[in-house]
Amino acid sequence: NIASSMWRPGQLTYELLSHQTGTSVVGTATVLNEDDDVGHWVHSLALGYGLRQGTSLDVSAARRYADFGANDYLQARILQSVDRVLLEGRGVHDLDGGSALSLSAQSRLGNHSVLLSRSEYNSFQNLDTEFEADLASRTEARLSGALRRGRGSGVNYRLDWQGSRYHAS
């Protein structure tokens, strides 16, 4: 939910994080499947600022360690509330090369939530794309919510669609 990242006008927030992936504070595993990233450190610093009512800006820097070395990322994100729609624009740059841009919109219609997202990649890899080195773009649509009849019990649902385009090899 991107609405939780909206700041009041003039509000400055900061967040400094350092955590070890796949491990809880007491050292127990937090993932069921061991993967190559378990045990590596991630450090980040993020600043957020409320530009005006319904508009927030975030900037962050992060370092992610993995078996192949460290990656340094810079990110800028703007959030804009327009009536009942939340818009998000995000740009990420890997200092070792590669970048990504994304635009998304989300809204609620009664008990239903709608999300549309489009991302463009330029030699960019992160945890979501590390096995898709030639990924050029991805479009996503999600509809979720609850179907209820009166005050009785209902059914929760989530429908996802994802389309990807790859660079020619």
Side-chain angles (χ1 to χ4, degrees), residues 1-15 17 19 21 31 33 35 37 42 44-62 64 71-150 153-169:
N1 184 355
I2 64 174
S4 62
S5 298
M6 298 291 287
W7 311 118
R8 290 186 317 274
Q11 180 183 7
L12 177 66
T13 64
Y14 65 91
E15 181 176 74
L17 294 174
H19 71 275
T21 57
V31 293
N33 298 324
D35 65 2
D37 200 42
V42 176
S44 66
L45 172 64
L47 298 173
Y49 186 73
L51 297 173
R52 63 175 191 235
Q53 187 65 37
T55 306
S56 293
L57 176 68
D58 296 329
V59 293
S60 64
R64 176 180 169 260
N71 283 83
D72 296 309
Y73 300 99
L74 297 176
Q75 174 180 273
R77 179 175 74 147
I78 190 161
L79 302 170
Q80 176 68 52
S81 176
V82 179
D83 197 23
R84 295 180 53 164
V85 178
L86 287 171
L87 303 172
E88 177 186 47
R90 179 188 308 249
V92 182
H93 179 69
D94 183 341
L95 296 182
D96 294 323
S99 59
L101 293 172
S102 70
L103 295 172
S104 65
Q106 74 178 38
S107 187
R108 288 199 65 77
L109 304 168
N111 290 334
H112 312 282
S113 178
V114 177
L115 170 75
L116 301 171
S117 175
R118 173 71 179 190
S119 300
E120 296 286 330
Y121 302 95
N122 179 19
S123 302
F124 182 77
Q125 294 202 354
N126 66 8
L127 290 176
D128 295 329
T129 64
E130 67 183 330
F131 301 110
E132 300 178 282
D134 55 352
L135 182 62
S137 65
R138 177 168 287 151
T139 303
E140 298 179 63
R142 178 175 46 219
L143 178 62
S144 59
L147 300 173
R148 305 251 186 266
R149 189 178 283 211
S153 62
V155 174
N156 294 327
Y157 71 92
R158 179 175 166 156
L159 303 171
D160 291 299
W161 175 85
Q162 186 177 86
S164 299
R165 185 175 57 82
Y166 296 87
H167 295 289
S169 303

Which value, rounded to the nearest 0.5 Å, describes the distance between [X] atom [atom1] and [Y] atom [atom2]?
X    : Y    : atom1 : atom2 : answer
S44  : D72  : OG    : CG    : 12.0 Å
S102 : E88  : OG    : CD    : 5.5 Å
R77  : S60  : CZ    : OG    : 8.5 Å
S104 : R142 : OG    : CZ    : 9.5 Å
L57  : T55  : CG    : OG1   : 10.0 Å
S144 : L159 : OG    : CG    : 8.5 Å

Got a sec: does the CD of Q53 have more than 12 other heavy atoms crowding it under 6.0 Å?
no

Distance-only check: which donor-acceptor pairs under 3.5 Å involve side-chain atoms of residues 91-100, not counting sequence neighbours?
unit_1	atom_1	unit_2	atom_2	d
H93	ND1	G98	O	3.2
D94	OD1	D96	N	2.9
D94	OD2	N71	ND2	2.9

Ionic contact status for R138 with E140, cut-off 4.0 Å:
no

Report the C-alpha distance between R148 and N156 in whole Å, list the side-chain angles of each, state the deciding distance to 0.1 Å, and finish with yes or no for side-chain contact (heavy atoms from CB on, under 4.5 Å).
CA-CA 9 Å; R148 305 251 186 266; N156 294 327; 3.6 Å; yes

Student check: side-chain heavy atoms of [X] and [Y] closer than 4.5 Å:
X    : Y    : answer
T139 : W161 : yes
L103 : L87  : no
W7   : L79  : no
V85  : Q80  : no

Check salt bridge (Lys or Arg N to Asp or Glu O under 4.0 Å) between R165 and all other residues, then give those that pass, not counting sequence neighbours.
E120

Contact list for residues 44-57, test salt bridge (charged side-chain N to carboxylate O under 4.0 Å, His left out), sequence neighbours left out
none

For H167 against Y121, the heavy-atom pair lying closest together
NE2-O, 3.9 Å

A61: which residues meet the side-chain contact (heavy atoms from CB on, under 4.5 Å) condition with it, sequence neighbours left out?
L74

Output all residues satisfying side-chain contact (heavy atoms from CB on, under 4.5 Å) with Y49, sequence neighbours left out; order by chain, then residue number.
L12, L51

Under 3.5 Å donor-acceptor, R90 side chain and Q75 backbone
no

By side chain to side chain donor-acceptor pair (under 3.5 Å), R158 pairs with (sequence neighbours left out) D160

